[in-house]
Amino acid sequence: MSRLVYVLNGPNLNLLGKRQPHIYGHETLADVEAACRALAAEIGLALRFHQSNREYEIIDWIHEARETASGLVINPAAFTHTSVAILDALNTFEGPILEVHISNVHKREAFRHHSYVSTVASGVIAGFGTQGYLLALQRIARLLEEGAGGHG
Ligand code: DQA
């Protein structure tokens, strides 16, 4: 089984570090990517790390991951709460999917409490800051070791 994991990030996460730092912290997405790559190297995962403000691009990466990757970590950002199209794409992915939110969405506005993506995710991490990405990668590694097929 491949050890390739996609880490996908949705809209506005390119502004991480500058955008509402009281909510999302001071680390940039490049910092998050570097931390993910360091951990992945340590635990023997290969990574593709992407961010887009365009829904179709995220869908295309999920389609690409279907062909090549064993696991997927996704912070769909605002698309979490709106995108049936991303949910449909994720439903075509056979390996474990972990949903990450930097902030605790449940402590925030009611419209952030519903996630389309959670209905397909093996697990959800919210409110752990950017550490959530690292925890998600560790979990994916464990699930792959356990040979988890499907959405876990
Ligand atoms: C977010 C939470 C979403 O509600 C929001 O739209 C984001 C980021 C998070 O990481 O906490 O853009 O996914």
Side-chain angles (χ1 to χ4, degrees), residues 4-40 42-43 45-66 69-144 148 151-152:
L4 179 62
V5 174
Y6 272 53
V7 180
L8 300 180
N9 294 281
N12 302 303
L13 288 168
N14 54 312
L15 296 180
L16 200 63
K18 295 181 203 140
R19 166 199 187 205
Q20 297 178 287
H22 57 291
I23 296 177
Y24 298 113
H26 291 279
E27 265 186 299
T28 65
L29 196 63
D31 295 331
V32 175
E33 178 173 359
C36 285
R37 290 199 180 283
L39 176 65
E42 209 177 289
I43 62 180
L45 295 177
L47 275 200
R48 299 262 187 288
F49 192 102
H50 295 299
Q51 185 277 332
S52 182
N53 297 325
R54 299 171 189 87
E55 194 173 17
Y56 77 86
E57 216 158 16
I58 294 167
I59 292 165
D60 285 349
W61 285 324
I62 295 167
H63 292 176
E64 196 182 281
R66 257 187 105 235
S70 296
L72 219 157
V73 173
I74 183 162
N75 181 350
F79 291 148
T80 308
H81 318 297
T82 62
S83 181
V84 175
I86 288 178
L87 170 62
D88 284 350
L90 290 171
N91 266 315
T92 74
F93 186 81
E94 306 222 318
I97 296 168
L98 292 190
E99 176 182 352
V100 172
H101 300 286
I102 296 165
S103 66
N104 179 1
V105 282
H106 300 290
K107 203 170 133 181
R108 301 180 64 193
E109 304 95 320
F111 65 82
R112 295 184 203 277
H113 298 175
H114 176 260
S115 164
Y116 285 101
V117 171
S118 294
T119 63
V120 73
S122 307
V124 182
I125 296 174
F128 285 65
T130 55
Q131 188 188 0
Y133 288 86
L134 304 178
L135 298 172
L137 286 176
Q138 271 164 342
R139 180 67 184 155
I140 293 253
R142 169 77 73 92
L143 290 172
L144 295 182
H151 299 132

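Positions are given from 1, in the same order as the sequence printed here. In each ligand, atom 1 is the first atom listed, and ligand 1 is the first ligand listed. Computed over heavy atoms, backbone and side chain alike; hydrogens, waters and symmetry mates excluded.
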So His81 and His101, would you call those rings parallel, tilted or perpendicular, with 30° and 60° as cut-offs? parallel
Identify each donor-acceptor pair in which a side-chain atom of residues 135-142 lies under 3.5 Å from a protein atom, sequence neighbours left out, and give them as a table.
none

Between Tyr116 and Thr119, the two heavy atoms sitting closest are O-OG1, 2.7 Å
Is atom CZ of Arg37 surrounded by more than 12 heavy atoms (other residues, nucleotides or ligands) closer than 6.0 Å? yes
Glu27: which residues meet the salt bridge (charged side-chain N to carboxylate O under 4.0 Å, His left out) condition with it, sequence neighbours left out? none
For residues 8-25, which residue pairs qualify under side chain to side chain donor-acceptor pair (under 3.5 Å), counting only residues two or more places apart or in two chains? Asn9-Tyr133, Asn14-Gln51, Tyr24-Arg108
Show me, by chain and number, every protein residue that has a heavy-atom distance under 4.0 Å to ligand 1. Arg19, Tyr24, Asn75, Ala77, Ala78, His81, His101, Ile102, Ser103, Val105, Arg112
